[in-house]
Amino acid sequence: MKSKKIIALGLVAAMTIAMVTGCGGKKSESSNKTVTSQSEADEMVIGMNSDIIACDPAFAYDNNTNAVVDQITEGLLAYDQDNKLVSKLAKSWEQVDDVTYKYEIRDDVKFSDGTQMTADDVVFSLNRIKDPSVASYLNWMYANVDSIEKTGDWEVTVKLSTPDALWQYVPATTAGHVISQKFYEENKDDFGKPGTGIIGTGPYKFDSWTKDSEIVLSENENYWDKDNNAENAAKTLDYKIITEGTTLVSALQSGQVDLTMGLPTDQIPVIKKNDSLTITESDSFGTDYIAFNTQKAPFDDVNVRKAIYYALDRNQILDNITNGTVSEASASLINEALCTFNENDWKEYLKNVPDYEYNMEKAKEYLAKSSVPDGFECSIVCNQTATQNAEALLLQTALKELNITLNINKVTEDERVSIFMGGDGRNYDMIFCLWFSDFPDPAGNLNSVYPSTAGEEGGANAAVYNNSDVDTWLTEELASSDSTERTELMQKILDKVTDDVPYLVLDHPKVIMVTNSKVVEPKFSAEYQFNLFFKDFNLNK
């Protein structure tokens, strides 16, 4: 994922007590929330920790923006709860050859204003994301696309310039979402902004957006796929934007917020003590890790990197810092959630992948044969969250036994993101990182954080790792349409990078949702970024 997650860490919210509805109503037996009308019973209040970027799929590349846009616009394809591709606005699709994909577009879909969606809208929408002048955050997904054309009344053909195994997933992301061409052209200057919004085909439509305060969506009465909505789906979605984290817990406990995601880890124990709140979790496609700057001494020495890896007791992170919000990781950035094909081969591989389990004696042995056997001084960049600070202190303490003095450079999250993407000229020694694959495919990670070209500014190769064999294998893997060949190539890459250790893998964060008793049967998966559909959630009314 490019600068995305990175940009926002989750759908987190908080609200003040002043947001409580007026007195005079009665309490619902299924919720702590005071219900004053049927319309309120049909409403789901969702908390977010920041405002959205735009109400526009071209800029829907962070968790908050996607949580809104995914309800209004839809893609040609979608992901099901098993992270498999399924039909959406395209009722069928076919890979004709290595570079040609055909999509048969549904002829029974209307936009929320009642106008017909056509193949022309599809071609326009995809080409808009591809257009560099739009500056879409997802433009990079079209790097290998040569053309997007209407090839029949209800047929759209995409031709790639080179084979790309990851293209198959793009139409299921916001890069494949369809907007009304007519509405866009009539509102081009203000499209996606608070006063104008957007017209899409999704189950909800844009009502209002008050910057840094609230976004309201209402039921789309022209929705084409109503039969697949939950029986008691919300008719109104009310997104409250509050930035103070601790107030979130009070709002959830009082029933003023019905749902939120991405809670700060130190708040999880508080939530668990409240019987009226439910925590639902899923594995994610994410990895928390530390990048070593492999182009800067002494981290250009693999022995130094291995010494630090062995010196850190990662079990302490699981046991004492993250409060059950992460799962254990090996030295691989790949977890089982990403293994959506050749699953048995992948599970066997991951079960046997080498690791660097805590072993101070080994750490001392590797440092002794390094270029700096007597130790050295260095620094690590982290944000100001309690989790990263605690992990940095844990590493700082561990490295003292190796006579390594670790200085902790605390920066804001925006600054950390900029440094992660090379904004400081790659002058750091080490940096905390978080990466989520955009696709349910191991290549979604590998082809982002390991290519040597991604070490340049704007790239996600924070280790500035450079290996010609790995670059070659990455290119060959992307060009292959054979899943077995792809699996073999990716495992060869993992064997190499696991030995080179450009990254110290910490854990795999979970996707965590907290709901009150008004929300039942929440459905989401590891690919929640693009398939968090609130139409699938039932409400107790």
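Taking a cutoff of 4.0 Å between a charged side-chain nitrogen and a carboxylate oxygen, Lys510 and Asp283 do not qualify as a salt bridge. For the pair Asp441 and Arg486, the salt-bridge criterion is met [side-chain N within less than 4.0 Å of a carboxylate O]. A salt bridge between Glu104 and Lys91 is present, with a side-chain N of the basic residue lying under 4.0 Å from a carboxylate O of the acidic one. The pair Asp70-Lys535 does not count as a salt bridge, with every side-chain nitrogen at least 4.0 angstrom from each carboxylate oxygen. With respect to Arg416 and Glu413, a salt bridge is recorded, a charged nitrogen being found less than 4.0 Å from a carboxylate O.
Counting only distance, with no hydrogens or angles, the side chain of Asn222 and the backbone of Ser112 share a donor-acceptor pair below 3.5 Å. Remark: side-chain polar atoms of Asp190 are not paired, donor with acceptor, to backbone N or O of Lys193 under 3.5 angstrom. With hydrogens and angles ignored, the 3.5 Å screen pairs no side-chain donor or acceptor of Ser418 with any backbone N or O of Gly423. Between the Thr65 side chain and the Tyr61 main chain, no donor and acceptor come within less than 3.5 Å of each other. With Thr173 contributing its side chain and Val170 its backbone, the two residues share a donor-acceptor pair below 3.5 Å. Judged by distance alone, the side chain of Asn187 and the main-chain N or O of Phe191 form no donor-acceptor pair under 3.5 Å. In terms of modelled atom types and a separation under 3.5 Å, the side chain of Asp42 and the main chain of Ala234 share no donor-acceptor contact. Judged by distance alone, with hydrogens and angles left aside, the side-chain atoms of Gln95 form a donor-acceptor pair with the main-chain N or O of Asp97 at under 3.5 Å. Put simply, the side chain of Lys226 gets close to the backbone of Glu221: a donor and an acceptor are under 3.5 Å apart. Of the possible donor and acceptor atoms, one in the side chain of Asn127 sits under 3.5 Å from a partner among the backbone N and O of Val123.
Ser525 and Gln81 form no side-chain donor-acceptor contact under 3.5 Å, judged by distance and modelled atom types alone. Under 3.5 Å, the side chains of Thr412 and Asp414 contain no donor-acceptor pair of N or O atoms. Glu155 and Thr151 share a side-chain donor-acceptor pair at under 3.5 Å. Checking Lys159 against Thr100 by side-chain atom types alone, a donor-acceptor pair falls below 3.5 Å. Using a 3.5 Å distance cut-off with no hydrogens or angles, the side chains of Glu456 and Asn461 do not pair a donor with an acceptor. With hydrogens and angles left out, the side-chain atoms of Asn274 and Ser276 include a donor and acceptor closer than 3.5 Å. If you check the side chains of His508 and Ser327, you find no donor sitting under 3.5 Å from an acceptor. Side chain to side chain, Thr385 and Asn383 meet the donor-acceptor criterion of an N or O pair below 3.5 Å. In the model, Asn66 has no side-chain atom that pairs as donor or acceptor with a side-chain atom of Asn63 under 3.5 Å. Using a 3.5 Å distance cut-off with no hydrogens or angles, the side chains of Glu74 and Thr201 do pair a donor with an acceptor.
A distance of 6.5 Å separates OG in Ser483 from CZ in Phe341, rounded to the nearest 0.5 Å. Here the CG atom belonging to Asn144 is positioned 4.5 Å from the CG atom belonging to Asp164, to the nearest 0.5 angstrom. To the nearest 0.5 Å, atoms CG (Asn83) and OG1 (Thr340) are separated by 7.5 Å. Going from atom CG of Asn232 over to atom CG of Asn538 covers 5.0 Å, rounded to the nearest 0.5 Å. Distance CD1/Ile241 to CD1/Ile52: 7.0 Å, rounded to 0.5 Å. Distance OG/Ser133 to NZ/Lys130: 11.0 Å, rounded to 0.5 Å.
Cation-pi geometry between Lys88 and Phe533 is met: under 6.0 angstrom from the ring centre, within 45 degrees of the axis.
Aromatic ring centroids of Tyr169 and Phe439 lie under 6.0 Å apart.
Shown here for Asn64 and Ser50, the closest heavy-atom pair between the two residues is ND2-OG, 2.8 Å. Between Phe59 and Arg128 the shortest heavy-atom distance is CE1-NH2, 4.5 Å. Of all heavy-atom pairs spanning Ala58 and Asp56, the tightest one is N-OD1, 2.9 Å. Closest non-hydrogen pair, Gly197 versus Phe183, comes out as O-CE2, 3.8 Å. Scanning both residues, Gln388 and Phe432, for their nearest heavy atoms gives OE1-CB, 3.4 Å. In plain terms, the two heavy atoms of Ile179 and Pro57 that are nearest each other are CG2-CG, 3.8 Å.
Using cut-offs of 30° and 60° for the angle between ring planes, the Tyr528 and Phe436 rings count as perpendicular. Note on ring orientation: taking the six-membered ring where Trp is involved, the planes of Tyr142 and Trp167 are perpendicular (angle over 60°, cut-offs 30° and 60°). Ring geometry for Phe537 versus Phe534: interplanar angle over 60°, hence perpendicular rather than tilted (30 to 60°).
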Worksheet item: Please walk me through it: do Trp209 and Tyr239 pass ring pair (Phe, Tyr, Trp, His ring centres under 6.0 Å)?
Response: CA-CA 9 Å; Trp209 174 12; Tyr239 298 82; over 10 Å; no
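More than 12 heavy atoms of other residues, nucleotides or ligands sit less than 6.0 Å from atom NZ of Lys150.
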